[in-house]
Enquirer: 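I'd like to ask some things about the structure below.
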Amino acid sequence: MMASKKLQRGSLEGSLKRLEEIVDSLEEGKVSLDEAVQLYEEGILLSKDCAEKLKATELKIRKLAKSVGGDFEIAETDEE
Amino acid sequence: MASEEQTLTVTDITRQIKSSLEQRFTRVWVQGEISNFKRHTSGHLYFTLKDEGAQLSAAMWRSRAAGLLFQPADGMKVIARGGITVYPPRGSYQIDVDQLTPLGIGELQIAFERLKKKLAGEGLFDESRKRPLPKYPGVVGIITSETGAALQDVRTVLSRRFPGVELILLPVRVQGAGASDEIAQAIRDMNRYGKVDVMIVGRGGGSLEDLWAFNEEIVARAIFASEIPIVSAVGHEIDFTIADFVADLRAPTPSAAAEMVVPDRFEILEVIRNYEYTIRQAVTQRILAHRERVESLIGSYAFNRPKDMVREFVQKLDELQRSMATTVSHRMERRAQDVESLRKRLLGVSPQGVLKRGYAIVRKDGVPVTRSQQLARNDEASVEFQDGKVMTKVQ
(Lines give C-alpha, C1' and ligand atoms only; values in the text may rest on other atoms or scores of the structure.)
Protein backbone atom coordinates (compact mmCIF):
# COMPACT_ATOMS: atom_id res chain seq x y z
CA MET A 1 0.00 0.00 0.00
CA MET A 2 1.01 3.60 -0.45
CA ALA A 3 1.63 4.16 3.20
CA SER A 4 4.20 1.58 4.14
CA LYS A 5 6.23 2.08 1.01
CA LYS A 6 7.09 5.64 2.04
CA LEU A 7 8.51 4.50 5.34
CA GLN A 8 11.96 5.99 5.57
CA ARG A 9 14.53 4.39 7.71
CA GLY A 10 16.95 7.18 6.88
CA SER A 11 17.28 10.49 8.58
CA LEU A 12 15.52 11.55 11.70
CA GLU A 13 14.28 14.55 9.78
CA GLY A 14 12.72 12.32 7.13
CA SER A 15 11.08 10.14 9.73
CA LEU A 16 9.72 13.07 11.67
CA LYS A 17 8.47 14.71 8.51
CA ARG A 18 6.63 11.58 7.50
CA LEU A 19 5.27 11.30 11.02
CA GLU A 20 3.99 14.87 10.78
CA GLU A 21 2.31 14.06 7.47
CA ILE A 22 0.62 11.08 9.05
CA VAL A 23 -0.57 13.16 11.98
CA ASP A 24 -1.88 15.81 9.58
CA SER A 25 -3.76 13.46 7.33
CA LEU A 26 -5.22 11.57 10.27
CA GLU A 27 -6.31 14.81 11.90
CA GLU A 28 -7.79 16.04 8.67
CA GLY A 29 -9.82 12.88 8.60
CA LYS A 30 -10.13 12.63 4.83
CA VAL A 31 -8.61 9.18 4.53
CA SER A 32 -10.71 6.06 4.61
CA LEU A 33 -10.87 3.96 7.73
CA ASP A 34 -8.65 1.31 6.15
CA GLU A 35 -6.05 3.91 5.26
CA ALA A 36 -6.33 5.44 8.69
CA VAL A 37 -5.53 2.15 10.34
CA GLN A 38 -2.57 1.68 8.01
CA LEU A 39 -1.30 5.18 8.64
CA TYR A 40 -1.62 4.54 12.32
CA GLU A 41 0.51 1.42 12.11
CA GLU A 42 3.13 3.23 10.07
CA GLY A 43 3.07 6.14 12.49
CA ILE A 44 3.64 3.98 15.51
CA LEU A 45 6.58 2.28 13.80
CA LEU A 46 8.05 5.64 12.82
CA SER A 47 7.72 7.07 16.29
CA LYS A 48 9.51 4.04 17.73
CA ASP A 49 12.19 4.44 15.08
CA CYS A 50 12.66 8.14 15.87
CA ALA A 51 12.80 7.53 19.59
CA GLU A 52 15.44 4.88 18.93
CA LYS A 53 17.52 7.34 16.95
CA LEU A 54 17.43 9.87 19.74
CA LYS A 55 18.91 7.40 22.15
CA ALA A 56 22.41 7.80 20.69
CA THR A 57 24.72 8.89 23.47
CA GLU A 58 28.08 9.51 21.87
CA LEU A 59 28.72 12.66 19.84
CA LYS A 60 30.77 11.89 16.76
CA ILE A 61 33.43 14.47 15.98
CA ARG A 62 35.53 14.38 12.88
CA LYS A 63 37.94 16.72 11.27
CA LEU A 64 37.78 17.96 7.73
CA ALA A 65 41.13 18.26 6.04
CA LYS A 66 42.11 18.96 2.48
CA SER A 67 44.04 16.16 0.85
CA VAL A 68 46.86 16.72 -1.60
CA GLY A 69 44.60 16.55 -4.62
CA GLY A 70 42.38 19.27 -3.19
CA ASP A 71 39.66 16.83 -2.22
CA PHE A 72 38.49 16.47 1.32
CA GLU A 73 39.43 13.91 3.86
CA ILE A 74 37.51 13.19 6.97
CA ALA A 75 39.70 12.26 9.88
CA GLU A 76 38.89 11.23 13.39
CA THR A 77 39.93 13.84 15.89
CA ASP A 78 43.10 13.04 17.80
CA GLU A 79 41.92 13.73 21.27
CA GLU A 80 38.98 11.84 22.62
CA MET B 1 74.25 28.28 -9.41
CA ALA B 2 76.56 31.14 -8.71
CA SER B 3 80.03 29.77 -8.16
CA GLU B 4 82.88 31.72 -6.66
CA GLU B 5 84.68 31.95 -9.94
CA GLN B 6 81.68 33.39 -11.70
CA THR B 7 81.35 37.11 -11.99
CA LEU B 8 77.85 38.44 -12.15
CA THR B 9 76.48 41.59 -13.56
CA VAL B 10 74.44 43.84 -11.26
CA THR B 11 71.39 42.99 -13.28
CA ASP B 12 72.04 39.28 -12.89
CA ILE B 13 72.49 39.39 -9.14
CA THR B 14 69.52 41.68 -8.75
CA ARG B 15 67.40 39.32 -10.81
CA GLN B 16 68.44 36.45 -8.58
CA ILE B 17 67.75 38.45 -5.43
CA LYS B 18 64.39 39.47 -6.79
CA SER B 19 63.33 35.95 -7.65
CA SER B 20 64.63 34.60 -4.37
CA LEU B 21 62.93 37.21 -2.20
CA GLU B 22 59.68 37.34 -4.11
CA GLN B 23 59.28 33.59 -4.04
CA ARG B 24 60.10 33.35 -0.38
CA PHE B 25 57.81 36.16 0.75
CA THR B 26 54.74 35.97 -1.47
CA ARG B 27 52.41 36.67 1.43
CA VAL B 28 53.53 38.00 4.78
CA TRP B 29 51.95 39.96 7.60
CA VAL B 30 54.08 42.71 8.96
CA GLN B 31 53.28 44.74 12.01
CA GLY B 32 54.71 48.20 12.40
CA GLU B 33 54.15 51.89 12.66
CA ILE B 34 53.42 54.07 9.66
CA SER B 35 55.82 56.88 8.86
CA ASN B 36 56.47 59.07 5.82
CA PHE B 37 52.93 58.48 4.68
CA LYS B 38 52.27 59.92 1.21
CA ARG B 39 49.28 59.71 -1.03
CA HIS B 40 50.44 60.19 -4.61
CA THR B 41 48.24 62.04 -7.06
CA SER B 42 47.83 58.75 -8.91
CA GLY B 43 46.05 57.39 -5.81
CA HIS B 44 48.81 55.01 -4.83
CA LEU B 45 49.97 55.09 -1.21
CA TYR B 46 53.62 55.10 -0.22
CA PHE B 47 54.85 54.84 3.36
CA THR B 48 57.40 53.23 5.61
CA LEU B 49 56.69 50.58 8.19
CA LYS B 50 59.01 50.78 11.10
CA ASP B 51 59.69 49.58 14.58
CA GLU B 52 62.60 50.16 16.98
CA GLY B 53 65.01 48.07 14.99
CA ALA B 54 64.23 48.38 11.29
CA GLN B 55 62.17 49.89 8.58
CA LEU B 56 60.49 48.59 5.46
CA SER B 57 59.26 50.52 2.46
CA ALA B 58 55.67 49.89 1.60
CA ALA B 59 53.44 50.63 -1.35
CA MET B 60 49.71 50.14 -1.73
CA TRP B 61 48.21 50.49 -5.18
CA ARG B 62 45.24 52.68 -5.78
CA SER B 63 42.80 49.84 -6.42
CA ARG B 64 43.61 48.29 -3.07
CA ALA B 65 43.86 51.56 -1.23
CA ALA B 66 40.30 52.32 -2.38
CA GLY B 67 39.02 49.50 -0.16
CA LEU B 68 40.59 50.94 2.97
CA LEU B 69 38.11 51.61 5.72
CA PHE B 70 40.29 53.97 7.67
CA GLN B 71 42.61 56.80 6.95
CA PRO B 72 46.24 55.71 7.38
CA ALA B 73 48.45 58.32 8.99
CA ASP B 74 51.91 58.67 10.41
CA GLY B 75 52.30 57.10 13.83
CA MET B 76 49.46 54.67 13.36
CA LYS B 77 50.12 51.03 14.28
CA VAL B 78 49.04 48.64 11.56
CA ILE B 79 49.36 45.13 10.21
CA ALA B 80 50.15 45.08 6.53
CA ARG B 81 49.59 42.02 4.41
CA GLY B 82 51.40 41.63 1.14
CA GLY B 83 54.33 40.27 -0.76
CA ILE B 84 57.90 41.48 -0.90
CA THR B 85 58.88 42.93 -4.26
CA VAL B 86 62.24 44.08 -5.51
CA TYR B 87 62.61 47.14 -7.68
CA PRO B 88 65.80 46.58 -9.71
CA PRO B 89 66.37 50.15 -11.05
CA ARG B 90 66.84 51.36 -7.49
CA GLY B 91 68.13 48.16 -5.95
CA SER B 92 65.50 48.39 -3.29
CA TYR B 93 62.85 46.09 -1.92
CA GLN B 94 59.48 46.90 -0.47
CA ILE B 95 56.27 45.33 0.64
CA ASP B 96 53.46 45.45 -1.85
CA VAL B 97 50.55 45.84 0.55
CA ASP B 98 47.16 44.36 -0.38
CA GLN B 99 45.52 44.61 3.01
CA LEU B 100 46.07 47.09 5.79
CA THR B 101 44.51 46.66 9.20
CA PRO B 102 44.77 49.25 11.92
CA LEU B 103 45.80 48.09 15.37
CA GLY B 104 44.68 51.00 17.49
CA ILE B 105 41.26 50.73 19.11
CA GLY B 106 40.15 54.04 17.68
CA GLU B 107 41.09 53.10 14.15
CA LEU B 108 39.54 49.67 14.52
CA GLN B 109 36.29 51.24 15.64
CA ILE B 110 36.25 53.56 12.68
CA ALA B 111 37.07 50.74 10.29
CA PHE B 112 34.34 48.63 11.87
CA GLU B 113 31.72 51.34 11.48
CA ARG B 114 32.71 52.05 7.90
CA LEU B 115 32.64 48.39 6.86
CA LYS B 116 29.34 47.90 8.62
CA LYS B 117 27.84 50.81 6.75
CA LYS B 118 29.26 49.69 3.44
CA LEU B 119 28.08 46.08 3.73
CA ALA B 120 24.69 47.13 5.05
CA GLY B 121 24.38 49.35 1.99
CA GLU B 122 25.11 46.36 -0.22
CA GLY B 123 22.39 44.34 1.46
CA LEU B 124 24.62 41.81 3.20
CA PHE B 125 22.72 42.22 6.44
CA ASP B 126 19.22 42.07 4.97
CA GLU B 127 16.83 40.06 7.05
CA SER B 128 15.19 38.80 3.88
CA ARG B 129 18.25 36.83 2.87
CA LYS B 130 18.66 35.09 6.18
CA ARG B 131 17.89 31.43 5.85
CA PRO B 132 16.13 29.34 8.42
CA LEU B 133 18.23 26.70 10.11
CA PRO B 134 17.35 23.07 9.45
CA LYS B 135 15.15 21.73 12.21
CA TYR B 136 16.94 18.45 12.65
CA PRO B 137 20.48 18.68 11.28
CA GLY B 138 22.36 15.45 10.83
CA VAL B 139 25.76 17.03 10.40
CA VAL B 140 26.94 20.25 12.01
CA GLY B 141 30.06 21.95 10.74
CA ILE B 142 32.21 24.06 12.98
CA ILE B 143 34.89 26.50 11.95
CA THR B 144 36.98 27.54 14.89
CA SER B 145 40.28 26.89 16.60
CA GLU B 146 40.96 23.26 17.34
CA THR B 147 42.33 24.17 20.73
CA GLY B 148 39.92 26.91 21.72
CA ALA B 149 37.21 26.91 24.35
CA ALA B 150 34.56 27.41 21.66
CA LEU B 151 34.97 23.88 20.34
CA GLN B 152 34.76 22.41 23.83
CA ASP B 153 31.66 24.43 24.63
CA VAL B 154 29.93 23.34 21.44
CA ARG B 155 30.84 19.72 22.08
CA THR B 156 29.46 19.85 25.58
CA VAL B 157 26.15 21.32 24.52
CA LEU B 158 25.70 19.00 21.52
CA SER B 159 26.50 15.96 23.67
CA ARG B 160 23.85 16.98 26.11
CA ARG B 161 21.11 18.08 23.74
CA PHE B 162 21.53 15.95 20.66
CA PRO B 163 24.43 13.50 20.60
CA GLY B 164 22.99 11.91 17.45
CA VAL B 165 24.51 14.60 15.23
CA GLU B 166 27.91 14.47 13.69
CA LEU B 167 30.21 17.41 14.29
CA ILE B 168 32.68 18.21 11.57
CA LEU B 169 35.50 20.50 12.52
CA LEU B 170 37.45 22.57 10.07
CA PRO B 171 40.22 23.97 12.23
CA VAL B 172 41.39 27.54 11.63
CA ARG B 173 43.32 30.16 13.45
CA VAL B 174 40.84 32.62 14.85
CA GLN B 175 43.16 35.50 15.55
CA GLY B 176 46.34 37.03 14.37
CA ALA B 177 47.77 37.47 10.91
CA GLY B 178 45.95 35.52 8.25
CA ALA B 179 43.13 34.38 10.49
CA SER B 180 40.48 36.10 8.38
CA ASP B 181 41.79 34.46 5.22
CA GLU B 182 41.72 31.05 6.86
CA ILE B 183 38.21 31.56 8.16
CA ALA B 184 36.93 32.72 4.79
CA GLN B 185 38.65 29.83 3.03
CA ALA B 186 37.24 27.37 5.57
CA ILE B 187 33.72 28.65 4.91
CA ARG B 188 34.22 28.13 1.19
CA ASP B 189 35.76 24.70 1.79
CA MET B 190 32.90 23.63 3.99
CA ASN B 191 30.55 24.61 1.18
CA ARG B 192 32.60 22.72 -1.34
CA TYR B 193 32.57 19.68 0.93
CA GLY B 194 28.85 20.20 1.16
CA LYS B 195 27.74 17.37 3.43
CA VAL B 196 26.96 19.72 6.28
CA ASP B 197 23.46 20.93 7.19
CA VAL B 198 24.44 23.99 9.19
CA MET B 199 27.67 25.47 10.43
CA ILE B 200 28.92 27.41 13.39
CA VAL B 201 31.67 29.95 12.78
CA GLY B 202 33.22 31.53 15.80
CA ARG B 203 35.48 31.70 18.77
CA GLY B 204 35.39 32.56 22.44
CA GLY B 205 35.40 36.12 23.65
CA GLY B 206 38.36 38.46 23.51
CA SER B 207 39.47 41.97 22.96
CA LEU B 208 38.44 43.91 19.87
CA GLU B 209 41.82 43.10 18.35
CA ASP B 210 41.41 39.41 19.14
CA LEU B 211 38.03 39.31 17.44
CA TRP B 212 39.16 41.37 14.50
CA ALA B 213 39.24 38.55 11.99
CA PHE B 214 35.46 38.34 12.31
CA ASN B 215 35.22 41.99 11.37
CA GLU B 216 37.04 41.59 8.10
CA GLU B 217 35.29 42.07 4.84
CA ILE B 218 36.66 38.83 3.41
CA VAL B 219 34.94 36.83 6.18
CA ALA B 220 31.72 38.78 5.77
CA ARG B 221 31.67 38.04 2.03
CA ALA B 222 32.41 34.36 2.55
CA ILE B 223 29.52 34.11 5.00
CA PHE B 224 27.28 35.95 2.58
CA ALA B 225 28.21 33.57 -0.24
CA SER B 226 27.73 30.42 1.81
CA GLU B 227 25.05 28.01 0.65
CA ILE B 228 25.03 26.41 4.07
CA PRO B 229 23.26 28.38 6.80
CA ILE B 230 25.73 29.90 9.23
CA VAL B 231 25.41 30.69 12.89
CA SER B 232 28.02 33.15 14.04
CA ALA B 233 29.30 32.66 17.54
CA VAL B 234 31.86 35.22 18.46
CA GLY B 235 32.74 36.35 21.91
CA HIS B 236 30.64 36.95 24.90
CA GLU B 237 27.27 38.61 24.64
CA ILE B 238 28.18 42.24 24.17
CA ASP B 239 30.61 41.84 21.29
CA PHE B 240 28.95 42.23 17.93
CA THR B 241 31.10 41.56 14.92
CA ILE B 242 30.50 42.14 11.23
CA ALA B 243 30.21 38.35 10.91
CA ASP B 244 27.30 38.47 13.35
CA PHE B 245 25.42 40.88 11.10
CA VAL B 246 25.91 38.77 7.98
CA ALA B 247 25.29 35.37 9.50
CA ASP B 248 21.89 33.74 9.20
CA LEU B 249 21.70 33.70 12.94
CA ARG B 250 23.83 35.34 15.56
CA ALA B 251 24.60 33.52 18.77
CA PRO B 252 26.07 35.42 21.70
CA THR B 253 28.42 32.55 22.56
CA PRO B 254 29.52 29.24 21.03
CA SER B 255 27.43 27.38 23.62
CA ALA B 256 24.38 29.36 22.60
CA ALA B 257 25.12 28.61 18.95
CA ALA B 258 25.13 24.89 19.72
CA GLU B 259 21.77 25.26 21.42
CA MET B 260 20.40 27.03 18.37
CA VAL B 261 21.52 24.48 15.80
CA VAL B 262 20.20 21.34 17.44
CA PRO B 263 16.92 20.75 19.18
CA ASP B 264 16.78 19.27 22.62
CA ARG B 265 16.22 15.57 22.09
CA PHE B 266 13.97 15.36 25.12
CA GLU B 267 11.75 17.97 23.54
CA ILE B 268 11.60 15.92 20.36
CA LEU B 269 10.78 12.81 22.33
CA GLU B 270 7.95 14.79 23.86
CA VAL B 271 6.81 15.82 20.39
CA ILE B 272 6.93 12.22 19.22
CA ARG B 273 4.95 11.12 22.24
CA ASN B 274 2.37 13.76 21.37
CA TYR B 275 2.25 12.57 17.77
CA GLU B 276 1.73 9.03 18.96
CA TYR B 277 -1.09 10.14 21.21
CA THR B 278 -2.64 12.21 18.43
CA ILE B 279 -2.68 9.45 15.85
CA ARG B 280 -3.94 6.95 18.41
CA GLN B 281 -6.75 9.34 19.27
CA ALA B 282 -7.50 10.08 15.64
CA VAL B 283 -7.84 6.42 14.73
CA THR B 284 -9.83 5.58 17.85
CA GLN B 285 -12.13 8.48 17.06
CA ARG B 286 -12.58 7.21 13.55
CA ILE B 287 -13.45 3.75 14.73
CA LEU B 288 -15.87 5.10 17.33
CA ALA B 289 -17.49 7.34 14.75
CA HIS B 290 -17.96 4.38 12.44
CA ARG B 291 -19.36 2.27 15.24
CA GLU B 292 -21.80 5.01 16.14
CA ARG B 293 -22.88 5.25 12.55
CA VAL B 294 -23.47 1.55 12.35
CA GLU B 295 -25.39 1.64 15.57
CA SER B 296 -27.52 4.53 14.50
CA LEU B 297 -28.22 2.78 11.21
CA ILE B 298 -29.27 -0.32 13.07
CA GLY B 299 -31.59 1.79 15.20
CA SER B 300 -32.91 3.79 12.27
CA TYR B 301 -36.62 3.56 11.20
CA ALA B 302 -35.71 2.51 7.67
CA PHE B 303 -33.39 -0.23 8.78
CA ASN B 304 -36.09 -1.55 11.08
CA ARG B 305 -38.88 -1.52 8.49
CA PRO B 306 -38.23 -5.07 7.25
CA LYS B 307 -38.21 -6.32 10.80
CA ASP B 308 -41.43 -4.46 11.51
CA MET B 309 -42.96 -5.82 8.37
CA VAL B 310 -42.07 -9.35 9.34
CA ARG B 311 -43.49 -8.76 12.76
CA GLU B 312 -46.70 -7.45 11.20
CA PHE B 313 -46.92 -10.49 8.98
CA VAL B 314 -46.42 -12.80 11.89
CA GLN B 315 -49.15 -11.00 13.76
CA LYS B 316 -51.47 -11.19 10.80
CA LEU B 317 -50.68 -14.85 10.42
CA ASP B 318 -51.51 -15.43 14.05
CA GLU B 319 -54.79 -13.65 13.61
CA LEU B 320 -55.61 -15.60 10.50
CA GLN B 321 -54.80 -18.81 12.28
CA ARG B 322 -56.94 -17.87 15.18
CA SER B 323 -59.90 -16.89 13.06
CA MET B 324 -59.39 -19.99 10.96
CA ALA B 325 -59.45 -22.13 14.04
CA THR B 326 -62.58 -20.45 15.27
CA THR B 327 -64.33 -20.89 11.98
CA VAL B 328 -63.36 -24.50 11.75
CA SER B 329 -64.45 -25.35 15.27
CA HIS B 330 -67.76 -23.58 14.73
CA ARG B 331 -68.32 -25.58 11.67
CA MET B 332 -67.40 -28.78 13.43
CA GLU B 333 -69.80 -28.05 16.22
CA ARG B 334 -72.57 -27.44 13.79
CA ARG B 335 -71.77 -30.66 11.98
CA ALA B 336 -71.79 -32.51 15.27
CA GLN B 337 -75.25 -31.13 16.00
CA ASP B 338 -76.39 -32.13 12.54
CA VAL B 339 -75.05 -35.61 13.08
CA GLU B 340 -76.81 -35.83 16.42
CA SER B 341 -80.17 -34.77 15.04
CA LEU B 342 -79.76 -37.09 12.09
CA ARG B 343 -78.87 -39.85 14.49
CA LYS B 344 -82.04 -39.12 16.42
CA ARG B 345 -84.08 -39.08 13.28
CA LEU B 346 -82.35 -42.19 12.11
CA LEU B 347 -83.06 -43.83 15.42
CA GLY B 348 -86.76 -42.92 14.97
CA VAL B 349 -86.94 -44.76 11.69
CA SER B 350 -84.75 -47.72 12.59
CA PRO B 351 -86.31 -51.19 12.78
CA GLN B 352 -85.35 -51.28 16.44
CA GLY B 353 -87.63 -48.28 17.11
CA VAL B 354 -90.51 -49.91 15.19
CA LEU B 355 -90.04 -53.17 17.09
CA LYS B 356 -90.33 -51.21 20.32
CA ARG B 357 -93.66 -49.96 19.26
CA GLY B 358 -94.92 -53.54 19.02
CA TYR B 359 -94.16 -54.43 15.41
CA ALA B 360 -92.18 -57.44 14.37
CA ILE B 361 -90.02 -58.15 11.36
CA VAL B 362 -90.55 -61.33 9.40
CA ARG B 363 -87.63 -62.66 7.43
CA LYS B 364 -87.42 -65.59 5.13
CA ASP B 365 -83.92 -66.82 4.60
CA GLY B 366 -82.72 -63.55 6.17
CA VAL B 367 -84.66 -61.39 3.66
CA PRO B 368 -87.43 -59.21 5.10
CA VAL B 369 -90.92 -60.28 4.00
CA THR B 370 -93.05 -57.26 3.28
CA ARG B 371 -96.04 -58.96 1.50
CA SER B 372 -98.13 -61.98 2.41
CA GLN B 373 -97.79 -63.49 -1.00
CA GLN B 374 -94.16 -63.88 -0.37
CA LEU B 375 -94.87 -66.63 2.05
CA ALA B 376 -96.37 -70.02 1.25
CA ARG B 377 -97.56 -72.80 3.49
CA ASN B 378 -94.88 -74.59 5.42
CA ASP B 379 -92.36 -71.84 4.70
CA GLU B 380 -90.11 -71.21 7.65
CA ALA B 381 -89.71 -67.64 8.72
CA SER B 382 -88.08 -65.83 11.52
CA VAL B 383 -89.96 -63.22 13.48
CA GLU B 384 -87.96 -60.63 15.23
CA PHE B 385 -89.29 -58.78 18.22
CA GLN B 386 -87.70 -56.08 20.20
CA ASP B 387 -86.28 -58.57 22.60
CA GLY B 388 -85.35 -61.44 20.30
CA LYS B 389 -86.27 -63.80 17.48
CA VAL B 390 -88.58 -66.84 17.15
CA MET B 391 -88.85 -69.29 14.33
CA THR B 392 -92.35 -70.06 12.86
CA LYS B 393 -93.88 -72.20 10.24
CA VAL B 394 -96.58 -70.77 7.97
CA GLN B 395 -99.95 -72.74 8.08
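Letters go in sequence order (proteins before strands), and every chain restarts at 1.
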Enquirer: Is there a donor in the side chain of B/D181 and an acceptor in the side chain of B/Q185, or the other way round, less than 3.5 Å apart?
Expert: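 Looking only at side-chain atoms, B/Q185 and B/D181 do not form any donor-acceptor pair under 3.5 Å.
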
Enquirer: Side chain, backbone, both or neither: which part of B/S159 has a heavy atom under 4.5 Å from chain A?
Expert: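 Contact with chain A: backbone and side chain both.
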
Enquirer: Under a 4.5 Å heavy-atom cutoff, which of B/R280, B/R160, B/M190 has the most pairs with chain A?
Expert: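 That would be B/R280.
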
Enquirer: Counting C-beta onward and ignoring hydrogens, is there a side-chain heavy-atom pair between B/V201 and B/F214 closer than 4.5 Å?
Expert: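 SC-SC contact between B/V201 and B/F214 confirmed.
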
Enquirer: If I measure from the heavy atoms of chain B, does A/K17 come under 4.5 Å with its side chain, its backbone, both, or neither?
Expert: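 Neither part, no heavy atoms under 4.5 Å.
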
Enquirer: I need the B/Q152 CD to B/T144 OG1 distance, nearest 0.5 Å.
Expert: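 It comes to 10.5 Å.
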
Enquirer: Less than 3.5 Å apart, any donor N or O on the side chain of B/D153 or B/T156 sitting next to an acceptor on the other?
Expert: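 B/D153 vs B/T156: no donor-acceptor pair found between side chains.
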
Enquirer: Quick one, B/R203 and B/L211 - any side-chain contact, counting heavy atoms below 4.5 Å?
Expert: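 In contact.
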
Enquirer: Identify which of B/H290, B/Q281, B/K135 forms the greatest number of heavy-atom pairs closer than 4.5 Å to chain A.
Expert: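 Highest number of pairs under 4.5 Å: B/H290.
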
Enquirer: Taking side chain as everything from C-beta outward and backbone as N, CA, C, O, which of these in B/I287 sits under 4.5 Å from a heavy atom of chain A? Side chain, backbone, both or neither.
Expert: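 For B/I287, the contact with chain A is made by backbone and side chain together.
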
Enquirer: What part of A/S25 gets closer than 4.5 Å to chain B, counting heavy atoms only: side chain, backbone, both or neither?
Expert: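 No part of it gets close to chain B.
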
